[in-house]
Amino acid sequence: MGLIMNHYLFPLSVFLLPKGITQLRIFEPRYLRMVESCLEHETGFVMAMQEGERVCQYGTLVKVNDVRPMENGTLGIEIKGMHVVKIHEPYQEEDGLWTAKTERTAGWQPTACDAQIHQQLSQKLQSLFHNHPELSSLYKKPEFNDPAWVCARFLEISQLATNQKQWYLAQPNHLEAMSYLSTMVVGSRQLH
């Protein structure tokens, strides 16, 4: 068993994997409190998923890269995925903010894969970044040569059900994701 720590949870439909970057607008008081605490104690929080009222088993620990005060007391934050965690004993505090014990998982381990499929996926992702500057602007140093990084970025923007997202988070490497993406992206179907 890995190191158990306490973290705030941010249940959101945004799917973020390690090394993924996104921007959020924080306006609810409980989440403003969460961000303030994370900045003060230099800790991250966990991007979690929910099915109904239940918090799912896996999430991604993220760190806050940047904070921009916005109008009406809201915050714009940029976050980066650090590693996958298993969520234990989630509970809600009085203001509704979720907290849980979290355990770091091994995450996706480096694994040899089909170089041709990696190259095709990498080219598709580079094209997607070129056509969507708002996406490419998040990544100052994109890792197109890393097949796991390429697979993770595609999964983040694909239309997957919560249970599918959970399944990929629990995998030991990127091979299952690559198999799925080779059909969805390299094949005749396109991502939405």
Return a table of donor-acceptor pairs under 3.5 angstrom between the side chains of residues 62-84 and protein atoms on other chains or two or more places apart.
residue	atom	partner	partner atom	Å
D66	OD2	R68	NH1	3.3
T74	OG1	E71	O	2.9

May I have the list of side-chain donor-acceptor pairs in residues 48-58 shorter than 3.5 Å, sequence neighbours left out?
residue	atom	partner	partner atom	Å
E51	OE1	R54	NH2	2.6

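Partners of S122 under the side chain to side chain donor-acceptor pair (under 3.5 Å) rule, at least two apart in sequence or in another chain, are Q126. Residues forming a ring-ring contact (aromatic ring centres under 6.0 Å, His included) with F129 (at least two apart in sequence, or on another chain): Y139, F144. Legend: residues meeting side-chain contact (heavy atoms from CB on, under 4.5 Å) with A148, ordered by chain and number and at least two apart, are W108, D146, H174. A search for side chain to side chain donor-acceptor pair (under 3.5 Å) contacts involving R25 returns nothing, not counting sequence neighbours. Under the rule for a salt bridge (Lys or Arg N to Asp or Glu O under 4.0 Å), E89 has no partner lying at least two apart in sequence or in another chain. Scanning for salt bridge (Lys or Arg N to Asp or Glu O under 4.0 Å) contacts around E176 gives an empty result, with sequence neighbours left out. For K19, the side chain to side chain donor-acceptor pair (under 3.5 Å) partners are E143, not counting sequence neighbours. The side chain to side chain donor-acceptor pair (under 3.5 Å) test applied to E42 returns no partner, not counting sequence neighbours.
Connection of I157 to L17 is established within a shared hydrophobic cluster, with ILVMFWY side chains joined at heavy-atom distances below 4.5 Å, either directly or through further cluster members. Hydrophobic clustering (side-chain heavy atoms under 4.5 Å, transitive across Ile, Leu, Val, Met, Phe, Trp, Tyr) keeps F10 apart from I87. Hydrophobic clustering, with ILVMFWY side chains joined whenever heavy atoms are under 4.5 angstrom apart, keeps W167 apart from V14. There is a path of hydrophobic side-chain contacts, each under 4.5 Å, that joins F15 to L135. Both L160 and V185 belong to a common hydrophobic cluster when Ile, Leu, Val, Met, Phe, Trp and Tyr are linked at side-chain heavy-atom distances under 4.5 angstrom.
Clustering of Ile, Leu, Val, Met, Phe, Trp and Tyr side chains at separations under 4.5 Å leaves Y91 isolated, with no partner residue.
The structure places CD of E36 at 9.0 Å from NE2 of H41, a figure rounded to the nearest 0.5 Å. To the nearest 0.5 angstrom, E40 atom CD is 12.0 Å from R33 atom CZ. Taking CG of L61 as the start and OG1 of T43 as the end, the distance is 8.5 Å to the nearest 0.5 Å. Summarising the geometry, atom CG belonging to N173 is positioned 8.5 Å from atom CD belonging to Q109; distances are rounded to the nearest 0.5 Å. Rounding to the nearest 0.5 Å gives a distance of 13.0 Å between CZ of F45 and OG1 of T99.
Between L121 and C151 the shortest side-chain heavy-atom distance falls below 4.5 Å. Inter-residue side-chain proximity for V85 and H7 is flagged as unmet; no heavy-atom pair is nearer than 4.5 Å. P147 has its side chain within reach of M178: a pair of non-hydrogen atoms, C-beta onward, lies under 4.5 Å apart. A heavy-atom distance below 4.5 Å is found between the side chains of W149 and P142. Within the 4.5 Å cutoff, no side-chain heavy atoms of V35 are placed close to those of L32. K124 is listed as a side-chain neighbour of F154, based on a closest heavy-atom distance under 4.5 Å. The side-chain heavy atoms of T60 and P18, taken from C-beta on, include a pair separated by under 4.5 Å. By the 4.5 Å heavy-atom criterion applied to side chains, V150 and L181 are not counted as neighbours.
Of all heavy-atom pairs spanning I117 and S182, the tightest one is CG2-CB, 3.8 Å. In plain terms, the two heavy atoms of A100 and P90 that are nearest each other are CB-CA, 3.7 Å. When all heavy atoms are compared, the tightest approach of A177 to L155 is CB-CD1, 3.7 Å.
Under the 3.5 Å distance criterion, the side-chain polar atoms of S37 are left unmatched by any main-chain donor or acceptor of M34.
Among residues at least two apart or in separate chains, salt bridge (charged side-chain N to carboxylate O under 4.0 Å, His left out) pairs with a member in residues 151-160 are R153-E156.
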### Query
Given the rule in the side-chain contact (heavy atoms from CB on, under 4.5 Å) test, do Y8 and R30 qualify, once you have shown the distances and angles that lead to the verdict?
CA-CA 10 Å; Y8 290 118; R30 58 182 166 170; over 6 Å; no
